[in-house]
There are 2 protein chains.
Amino acid sequence: MIKAPTIKDIAKRLNISISTVSRALRNASEVNPETRQAVLKLAEEINYQPNQLALSLLHKQTHSIGVIVPNLDYVLSMMVKGIDEVALEAGYTVMVCQSNESYGREIVNTRRLMESLVDGFIISISSETKLVDHFKKIQDQKKPIVIFDRLPTDLAAPKIRLDNEDGGFQATQHLIEQGYKRIAVLAGPDTLDISNKRVDGYLKALKHNNMRVQKDLIIHCDFDQDYAYFATKELLGMKKRPDAIFTISDRMAIGAMLAIKEKGLQMPNDIGLVGFNNEPVTKLLTPAISSVDQPAFEIGKAAAKVFIEMMNSDIDMTSREIVLKPKLFIRESSQRLLHTVVK
Amino acid sequence: MIKAPTIKDIAKRLNISISTVSRALRNASEVNPETRQAVLKLAEEINYQPNQLALSLLHKQTHSIGVIVPNLDYVLSMMVKGIDEVALEAGYTVMVCQSNESYGREIVNTRRLMESLVDGFIISISSETKLVDHFKKIQDQKKPIVIFDRLPTDLAAPKIRLDNEDGGFQATQHLIEQGYKRIAVLAGPDTLDISNKRVDGYLKALKHNNMRVQKDLIIHCDFDQDYAYFATKELLGMKKRPDAIFTISDRMAIGAMLAIKEKGLQMPNDIGLVGFNNEPVTKLLTPAISSVDQPAFEIGKAAAKVFIEMMNSDIDMTSREIVLKPKLFIRESSQRLLHTVVK
DNA sequence: AGCGTTACCGGAAACGTTCTCGGAAGCCAT
DNA sequence: ATGGCTTCCGAGAACGTTTCCGGTAACGCT
């Protein structure tokens with residue numbers, strides 16, 4: 001590895017001082033035009049690139065953002081794309097790390113990014129994460145944190161999130177309007193806040209319609225297709241089986257669908273199904289699955305915007321909370337009344 | 001922003017020199033045990049963290065890898081996961097940037113990552129990229145580059161890739177064995193090497209079976225679902241329509257499937273369909289779509305391993321090329337002979 | 001002739017760390 | 001007591017850059 005040319009090399013070769021070279025390069029004041037020309041020419045010639053590490057050391061800024069996400073599924077990768085868009089525009093580079101839903105991995109990632117000296121963090125926590133000491137350490141170093149999508153409960157930081165309760169409400173309300181009477185919900189682990197909020201919306205809708213809550217219709221299982229498949233099999237095996245299922249992710253909806261088909265039930269007549277996230281795949285399945293869409297790209301953009309704002313001002317934003325609204329897309333899996341407005 | 005404590009602060013408070021503090025912290029040789037204890041204690045107390053920026057400046061290493069990918073679809077995000085796995089293990093942090101299939105964006109990302117002073121790059125090029133001058137600039141600075149998946153033709157760097165030709169061959173050979181006679185191929189833009197290689201495999205299979213190549217059955221269109229849909233509609237409108245379609249991505253297979261269904265044709269009897277990538281969605285569709293699986297995670301891991309190797313040794317690896325094998329998964333969309341071995 | 005002004009430039013500190021070099025004690029043996 | 005060895009420690013350079021502070025000419029004005 002041959003060393004990159006530095007300002008010093010230029011100075012030496014032109015027999016002028018380092019300071020003058022620096023001034024010439026960043027066309028600050030008071031440099032002889034000829035000198036400047038010579039410097040610029042030589043810089044071009046030897047392909048001089050300023051060493052950002054030295055600059056960062058001087059300015060205590062690296063212009064990079066550490067982004068930690070539990071995975072890169074459809075929704076989160078859309079969010080990251082949103083973050084990327086805004087960050088790039090503002091001159092920041094984004095470092096994305098996946099915690100793989102692991103608390104330990106999240107800690108490692110946090111430390112690594114700290115060591116890489118990112119200027120701050122935009123974080124969505126893993127499903128395992130209960131303690132946030134590793135994030136508080138970041139704040140001890142006075143680096144800004146923005147949290148989005150999956151929020152820890154006790155971290156003082158601006159939050160960008162979906163109105164998950166409203167999403168759960170819309171889905172359930174829709175099923176009720178379609179005449180379903182025994183609506184089950186397939187939730188994620190009960191430690192996962194976004195899941196619980198969606199269940200809250202479900203409960204709210206039942207209450208809103210004076211329907212009784214049945215504990216055995218609320219199932220918590222792991223956040224993925226296979227678990228949803230088995231959970232659904234159990235649900236369908238009940239003496240009084242549910243006539244509709246709301247799953248808090250599309251992955252789970254797919255698992256549920258497989259179990260439903262296996263059982264020989266027809267959607268939407270025998271049973272209704274609504275998922276969450278509005279992944280493109282929902283349109284493609286037979287039947288197409290209704291799903292609650294979230295503005296993932298916008299959430300990412302909003303998070304990055306708040307981050308930039310934090311970097312550029314000293315006002316306290318830790319209590320800022322931005323909540324974006326979801327929107328239900330009704331498809332074949334849950335639409336049995338024809339007069340429903342199709343969007 | 002209050003400044004983080006430095007080694008200097010410790011030195012001052014203990015009335016010892018900076019050098020001694022440095023030695024005490026990195027338990028190098030020859031420090032009075034008492035002094036060391038005092039230093040460690042104070043460091044712990046004020047939560048001292050070494051400034052990696054200063055270290056990087058000193059050692060000219062940041063221990064981070066810039067990864068540039070055209071997008072984060074299923075396959076690439078698996079590959080990135082593979083890179084992440086190996087890199088983390090080796091003490092590197094990964095910075096992922098998406099070029100969004102844009103040449104301009106790719107250049108910007110490259111520059112940004114260079115400025116962030118990553119130690120090197122692992123790159124999959126955008127579909128627009130023809131020139132690689134921006135990558136050669138990296139190499140001018142003596143930073144290692146590993147390229148994977150989508151390879152530029154004229155860059156001297158180690159390459160990790162799938163045997164795309166073999167994938168195309170397997171898919172086509174399978175269709176031929178199933179008795180299909182007029183096999184069309186839906187390819188990506190003809191600038192895209194991985195697409196062309198898959199088509200080469202298709203041609204090879206035809207030749208291998210003494211079948212005639214028909215130019216009008218080879219369609220180049222954009223790499224996504226909608227274009228594939230329209231292209232398929234055209235194909236099916238031909239006087240002598242194809243009786244099978246091999247698409248070089250699952251996204252395109254889905255587009256083709258929609259057109260096929262719209263036309264009222266049945267898979268696999270009226271028409272056969274094979275996709276590429278083996279995305280999970282292929283299993284879920286009706287009919288389930290046959291698809292060529294690629295070991296994406298392994299490709300990512302291999303790329304990162306080669307990168308680490310490059311960092312740790314000076315031997316020239318620019319001519320190294322690792323080729324991984326794809327594997328066809330046969331499903332309903334193309335299996336009309338029952339004696340076919342199902343995997 | 002002396003002074004102030006202008007235009008240009010160099011020295012050096014600073015950012016936080018490591019590392020080489022050498023120096024100051026203390027000790028032992030002669 | 002002198003030499004040499006060990007043990008500990010400090011000074012200072014180095015990494016690449018910016019920027020403050022000051023200095024030196026040349027020039028014009030009184």
Side-chain angles (χ1 to χ4, degrees), chain A residues 1-40 42-43 46-64 114-119 141-143, chain B residues 1-40 42-43 46-64 114-119 141-143:
Chain A
M1 286 224 214
I2 303 159
K3 63 190 285 283
T6 74
I7 219 177
K8 201 186 282 183
D9 300 327
I10 299 183
K12 217 173 289 171
R13 279 183 53 176
L14 293 178
N15 257 325
I16 54 181
S17 81
I18 291 177
S19 348
T20 304
V21 177
S22 173
R23 270 185 294 249
L25 286 172
R26 35 201 330 282
N27 55 349
S29 53
E30 336 236 4
V31 179
N32 187 324
E34 287 179 29
T35 315
R36 163 168 305 144
Q37 278 315 310
V39 169
L40 292 179
L42 183 56
I46 65 178
N47 188 25
Y48 166 76
Q49 301 281 34
N51 183 321
Q52 299 294 328
L53 223 36
L55 291 180
S56 295
L57 180 60
L58 215 50
H59 297 137
K60 296 168 179 292
Q61 272 214 36
T62 56
H63 281 276
S64 58
M114 273 299 271
E115 285 172 1
S116 302
L117 282 171
V118 295
D119 290 341
Q141 313 251 336
K142 308 297 166 196
K143 305 220 179 198
Chain B
M1 286 224 216
I2 303 161
K3 61 191 287 282
T6 73
I7 220 175
K8 203 187 281 182
D9 300 327
I10 299 183
K12 218 173 290 171
R13 281 184 50 177
L14 294 179
N15 257 326
I16 54 179
S17 80
I18 291 177
S19 345
T20 304
V21 178
S22 174
R23 269 186 293 249
L25 286 173
R26 34 201 330 284
N27 56 350
S29 53
E30 335 237 3
V31 180
N32 188 324
E34 287 181 30
T35 315
R36 163 169 303 144
Q37 278 316 308
V39 169
L40 292 179
L42 184 56
I46 64 179
N47 188 24
Y48 165 77
Q49 302 280 33
N51 183 321
Q52 298 293 329
L53 223 37
L55 290 181
S56 295
L57 179 59
L58 214 52
H59 296 136
K60 297 167 179 293
Q61 273 213 40
T62 57
H63 280 277
S64 58
M114 273 299 270
E115 286 172 359
S116 302
L117 283 169
V118 294
D119 290 341
Q141 313 253 334
K142 309 296 166 197
K143 305 220 179 199

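Proteins get letters first, then strands, A, B, ... in listed order; numbering begins at 1 in each. Note that the coordinates shown come from a computational prediction; the quantities given were computed from them, not determined experimentally.
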Looking at [X], I'd like to know whether one of its side-chain N or O atoms comes within less than 4.0 Å of OP1 or OP2 on [N].
| X | N | result |
| --- | --- | --- |
| A/Arg26 | D/dT19 | yes |
| A/Thr35 | C/dC9 | yes |
| A/Ser22 | D/dT18 | yes |
| A/Ser17 | C/dG11 | no |
| B/Arg23 | D/dC9 | no |
| B/Lys60 | D/dG16 | yes |

Separation of [Y] [atom2] from [X] [atom1] (nearest 0.5 Å):
| X | Y | atom1 | atom2 | result |
| --- | --- | --- | --- | --- |
| B/Thr62 | A/Leu53 | OG1 | CG | 7.0 Å |
| B/Leu57 | A/Leu58 | CG | CG | 10.0 Å |
| A/Asp119 | A/His59 | CG | NE2 | 12.5 Å |

* Asked: Any idea which of D/dT18, D/dA11, C/dT18 is nearest the B/Ser19 side chain?
  -> D/dA11
* Candidate nucleotides D/dG10, C/dT18, D/dG16, ranked by approach to the side chain of B/His59 - the nearest -> C/dT18
Please state how far atom [atom1] in [X] lies from atom [atom2] in [N], giving the value in whole angstrom units.
| X | N | atom1 | atom2 | result |
| --- | --- | --- | --- | --- |
| A/Leu55 | C/dG16 | CG | P | 15 Å |
| B/Ile10 | C/dG16 | CD1 | C1' | 12 Å |
| B/Gln37 | D/dC8 | CD | C1' | 16 Å |
| B/Ile16 | D/dA11 | CD1 | C1' | 15 Å |
| B/Arg36 | D/dT7 | CZ | P | 14 Å |
| B/Asn32 | D/dT6 | CG | C1' | 14 Å |
| B/Ile7 | D/dG10 | CD1 | C1' | 14 Å |
| A/Ile18 | C/dA14 | CD1 | P | 17 Å |

* Asked: Is there side-chain contact between A/Val21 and A/Leu14, with at least one heavy-atom pair below 4.5 Å?
  -> no
How is [X] classified with respect to the nucleic acid when contacts are heavy atoms under 4.0 Å: base, sugar-phosphate, or nothing?
| X | answer |
| --- | --- |
| A/Leu57 | base |
| A/Ser56 | nothing |
| A/Leu53 | nothing |

Which atom names give the shortest non-hydrogen contact between [X] and [Y], and what distance separates them?
| X | Y | value |
| --- | --- | --- |
| A/Gln61 | A/Ser56 | O-OG, 3.0 Å |
| B/Thr35 | B/Val31 | CB-CG1, 4.2 Å |
| A/Ile7 | A/Tyr48 | N-CE1, 3.6 Å |
| B/Ile46 | B/Pro5 | O-CG, 3.4 Å |

* Asked: Where does DNA chain D pair, written as one dot-bracket string 5' to 3', with Watson-Crick or G-U pairs under 3.5 Å, ( ) inside the strand, [ ] for crossing pairs and | for another strand?
  -> ||||||||||||||||||||||||||||||
* Could you pick out which residue, B/Pro33 or B/Leu58, lies toward the 5' side of DNA chain D when each is mapped onto its nearest nucleotide? => B/Pro33
* Asked: Hey, which of these two, A/Thr20 or A/Lys8, hits DNA chain D nearer its 5' end, going by closest nucleotide?
  -> A/Lys8
